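None of the values given here were measured: they were computed from a predicted structure. Proteins get letters first, then strands, A, B, ... in listed order; numbering begins at 1 in each.
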2 protein chains.
Amino acid sequence: MATGRTERPAQRGRGIPEATVARLPLYLRALSALSERGVPTVSSEELAAAAGVNSAKLRKDLSYLGSYGTRGVGYDVEYLVYQISRELGLTQDWPVAIIGIGNLGHALANYGGFASRGFRVAALLDADRAVTGQRIAGMAVRHMDDLEQIVREDHVSIGVITTPAPAAQEVADRLVAAGITSILNFAPTVLSVPEGVDVRKVDLSIELQILAFHEQRKSGLDPVAGPVPARPSKPGERGDLPEVMPA
Amino acid sequence: MATGRTERPAQRGRGIPEATVARLPLYLRALSALSERGVPTVSSEELAAAAGVNSAKLRKDLSYLGSYGTRGVGYDVEYLVYQISRELGLTQDWPVAIIGIGNLGHALANYGGFASRGFRVAALLDADRAVTGQRIAGMAVRHMDDLEQIVREDHVSIGVITTPAPAAQEVADRLVAAGITSILNFAPTVLSVPEGVDVRKVDLSIELQILAFHEQRKSGLDPVAGPVPARPSKPGERGDLPEVMPA
DNA sequence: TAGATTGTTAATCGATTAACAATC
DNA sequence: TAGATTGTTAATCGATTAACAATC
């Protein structure tokens, strides 16, 4: 193999920080919008504003991919779209399987945002025979029994779990056994998976709880409604009297 | 006001790191499960395992709330549930409005995970008269025209945006104007809001893109499909020939 | 008392940011 | 050339982690 193969800029390859990877899709989205508007070039200042970050961070992030800008000019929109897409692995199509066709699975099956970004919903799966066979978004829902076959034949490497929480771990185990190495988990459970399998989670109620925390600070009140549980008494402390909580 | 009011442990109050706040809901979920099983106490090691973090991080996180454990014993499950709930502001009920009743809004309206965690879906709203009036999860969908009234009367402080992307900013503006100060945004857009308004976003396709990035590294291939856009020529460089990309 | 486990310290690591030399 | 803007450096900030004294 020629030496050129390994002569990547030092920062490329494995070395892209996770925080940067997580922002690349934001840049890509902003760039796609510019591309559709026919904008040929964009400065780090403009692109950063469109993506909702500051320009120093944007430039640092892009520098991990290489030197794709032009000083005094900015970045070529199309070229940068391509470079980021390639870095994220979106120049190929990723077949995705959705497991658990309840309300959320149903919504995701119909979600247009996947197809437009290099993902293809290859299969909808459910364990309930009352659901299998139904047609959703033009696809028949298949039974979980077909999982292994589908993964094999359609080269599915990403699974999306939208089952109820109690079923999620078992589904994850089956996905892993079938050869899937990336899981997007919507069930509110911690999944345990072997090394080498990536799990990302989306938890709707966790996001709300984080908002509630900040909302509480804003309103200034420290509201305590309902009974306050007794602090468990420790040996050496005076008894079982519920102590007054700091208001 | 008595001085005791301000004698909080130094680390309490404003000082809780964001990363810690984001993990408190995880601990709460794990603790709730333990509570339901009737487990009276738990060690940092056990709780950390249940929440999917390491125990040093868990102890550090909990130490920001106060000293609620007992050395040699662990944490009282019920007591810690209460303390975390209080810190997150979940001892009160948060009325939530969902705006945009498409597939996703529909799914969220039916999502049980909200009610069980101190949130109450107070209203479903849509701008489309073909949708308003429909009953979903036992509630009638109201028209956007009623937004201001609903926010006022039901004391809604959290809005969930599940509209298509092009409508999201306008909806956010109206929510803010109506007095809402926390927004959970599912639309794939960067929202601009005034200081003091919190926005959190959930973007399904971004999560998939992050998975795709890592998936690509695993498979080892650096697949380039389709045409490679020409690198924009810079003055001083040789012409417009598309350069060969690093494979 | 001996064993267990917390709460905290301090070291390390990674991410953010401002500033500016390089260069178009 | 002068103005604009990148790419990079270095300082700062925040988060993670191991280790262990405190203490139940």
Report summary line: B/S/- along nucleotides 10-18 of chain C (protein heavy atoms under 4.0 Å) is -----SSBB
Report task. Carefully, step by step, assess A:Ser205 and A:Gln209 under the rule side-chain hydrogen bond (donor to acceptor under 3.5 Å, both in side chains). Result -> CA-CA 6 Å; A:Ser205 93; A:Gln209 290 175 55; 3.3 Å; yes
Query raised in the report: What is the distance from atom OH of A:Tyr75 to atom OH of A:Tyr27, rounded to the nearest 0.5 Å?
Result: 10.0 Å
**Report entry** N or O in side chain of B:Tyr75 less than 4.0 angstrom from C:dG7 OP1/OP2
**Finding:** yes
Query - Atom-to-atom span, OH of B:Tyr68 to P of D:dC24 - whole angstrom - result: 17 Å
Query raised in the report: What integer distance in Å separates A:Leu80:CG from D:dT6:C1'?
Result: 12 Å
Query raised in the report: Distance from B:Leu47 atom CG to B:Leu62 atom CG, nearest 0.5 Å?
Result: 7.0 Å
Report summary line: Hits for side chain to side chain contact (heavy atoms under 4.5 Å, CB included) against B:Asp198, two or more places apart or cross-chain, chain-then-number order -> A:Leu211, A:His214, A:Lys218, B:Ser182
Query raised in the report: Is the gap between the ring centers of B:Tyr68 and B:Tyr79 under 6.0 Å?
Result: yes
Requested in this report: Report the C-alpha distance between A:Arg23 and A:Val53 in whole Å, list the side-chain angles of each, state the deciding distance to 0.1 Å, and finish with yes or no for side-chain contact (heavy atoms from CB on, under 4.5 Å).
Outcome: CA-CA 9 Å; A:Arg23 282 187 295 266; A:Val53 303; 4.1 Å; yes
Report summary line: Tightest non-hydrogen contact, residues A:Ile210 and B:Pro25, listed as CG1-CG, 4.4 Å
Query - Whether B:Ser43 side chain and B:Glu46 backbone form a donor-acceptor pair below 3.5 Å - result: yes
Requested in this report: In whole angstrom, give the distance that lies between atom CG of A:Leu62 and atom P of D:dT8.
Outcome: 11 Å
Query raised in the report: Dot-bracket, DNA chain D: Watson-Crick or G-U, under 3.5 angstrom, [ ] crossing, | other strand?
Result: ..||||||||||||||||||||||
Report summary line: Rounded to whole Å, CZ of B:Arg71 lies from P of D:dT23 at a distance of 6 Å
Report summary line: With sequence neighbours left out, the residues meeting side chain to side chain donor-acceptor pair (under 3.5 Å) with B:Ser192 are none
Requested in this report: Using heavy atoms and a sub-4.0 Å distance, could you list which residues of residues 26-46 of chain A are near DNA chain D? By number, please.
Outcome: A:Ser43, A:Ser44
**Report entry** From A:Tyr82 atom OH to A:Asp76 atom CG, the distance as rounded to the nearest 0.5 Å
**Finding:** 13.5 Å
Query - Pairing of A:Glu87 and B:Arg217 as salt bridge, 4.0 angstrom limit - result: yes
Report task. Kindly give the heavy-atom pair with the smallest separation between A:Ile99 and A:Leu175, and that separation in Å. Result -> CD1-CD2, 3.6 Å
Query raised in the report: What residue among B:Leu31, B:Leu90, B:Asp61 forms side chain to side chain contact (heavy atoms under 4.5 Å, CB included) with B:Ile84?
Result: B:Leu31
**Report entry** Of residues 190-201 of chain A, the positions that come close to DNA chain C - non-hydrogen atoms, cut-off under 4.0 Å
**Finding:** none
